[in-house]
Amino acid sequence: MITLDRFILEEERQHPDATGELSMLLMRFGVAGKRIAWELSVGGLKSGLGSAGATNVQGEEQKTLDVLANEILLETFDYGGLVSIAASEEMAEPYIYERNAEKGRYAILFDPVDGSSNIAVNGTLGTIFSVRRRGKGAADLLGSGRAQVAAGYILFGPATLLVYTCGEAVRLFTLEPSIGEFLLTSSAVRTPKRGKGYAVNEGRAGGWAAQTRAFVEHLKTSDRATGRPYATRYSGSLVADFHRILLEGGIYLYPASADRETGKLRVLYECHPLAFVAEHAGAAATTGRGPVLDVVPGSLHERIPFAIGSAEEIALYERFLRGQASS
Ligand code: AFP
């Protein structure tokens, strides 16, 4: 039985110059994940499961659990002197940890509850996180995805999973509720080069570029030799859809559309961290024009068109967008 803490501490020993701070920080994401999992599991029993009445910085309605999860994450890193600044999809401005301001070597970014429309229907949800070296202020959060030190997500499904990478292999842990510990499930998750499924909100196809429509049409067109048609799997939770793809291959898309020219997903809280995980599992993520990890956002809440998945499907999608392939 290899617990999260044991695994992280043993890994740390492989790096003699490590200070142990990143290890502590990753363990704390495990603690936050357990607390959020608990709140989600009892959320339906409590009053106020629905809208908190407020809207987040993108004008989206906030649920009480979004607010709660955001608070849990902020509070988790309030002590220990590890983190000096936190940015969240739910906050217009970054949160500064005044008492860690000098010593906290890291900045964290997160989407506390991704797929929040699933809250009301008891569907799968996730928390996405990213760790960067702290800079001098909020502007330093706006680096390329390759500057991330670690990234991952917690998936709240039938089981609670923690997936992360520190720039080496992708680790997968499963929460064993009877002992309250995350146990190692895989120390090196690898995504198949090709999959059989695609995830996209096809209800929005009317607003897509012709090349995007042609690509999805291609996936849906029967051709035994190339394993088509693909199966559609779309849950409304990027973490849930990405996790399936991480394990089984395939592609998730949230492309640009006429009414959302930059797509929906946020660079810093969703796209960069999942792209970091994907690349370290042998998968890929693209804006359609190039790697997501190369994107340097101009502002904290910037969005980009996003596709993530198996290397072959991502390469094919880029060829479609460049007009080099057709259905
Ligand atoms: P919410 O957290 O606001 O529900 O958004 C979820 C999400 O960012 C991502 O997890 C989903 O894949 C995608 O948006 C769903 O968006 P659509 O409802 O437009 O398909």
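One-based numbering, in listed order, for ligands and for the atoms of each.
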Can you list the atoms of ligand 1 that are under 4.0 Å from a heavy atom of Ser237?
-> 10 (O)
Heavy-atom nearest neighbour of atom 12 (O) of ligand 1 within options Tyr252, Phe242, Tyr254 = Tyr252
Does Arg204, backbone or side chain, put an N or O under 3.5 Å from an N or O of ligand 1?
-> no
Under 3.5 Å side-chain donor-acceptor pair for Thr19 and Arg105 = yes
Near Tyr234 (heavy-atom distance under 4.0 Å), the atoms of ligand 1 are 12 (O), 13 (C), 15 (C), 16 (O), 17 (P), 20 (O)
If we only count N/O pairs under 3.5 Å, is Gly115 in contact with ligand 1?
-> yes
Heavy-atom check, side chain of Val216 versus side chain of Tyr317, under 4.5 Å | no
Taking the side chain as every heavy atom from C-beta outward, state whether Tyr95 and Val83 have any atom pair closer than 4.5 Å.
-> no
Side chains of Glu313 and Arg194 in contact at under 4.5 Å (non-hydrogen atoms) = yes
By number and element, which atoms of ligand 1 are closer than 4.0 Å to a non-hydrogen atom of Glu270?
-> 8 (O)
With backbone taken as N, CA, C and O and side chain as the heavy atoms from C-beta onward, which portion of Val239 lies under 4.0 Å from ligand 1: side chain, backbone, both, or neither?
-> neither
Provide the number and element of each atom of ligand 1 under 4.0 Å from a heavy atom of Leu238.
-> 9 (C), 10 (O), 11 (C), 12 (O)
Over 60° means perpendicular and under 30° means parallel, so classify the ring planes of His243 and Tyr153, tilted if in between.
-> perpendicular
Are the side chains of Ile251 and Ile308 in touch, meaning some heavy atoms are under 4.5 Å apart?
-> no
Report yes if the side chains of Val267 and Arg303 come closer than 4.5 Å at any heavy-atom pair, otherwise no.
-> no
Provide the number and element of each atom of ligand 1 under 4.0 Å from a heavy atom of Gly236.
-> 6 (C), 10 (O), 11 (C)
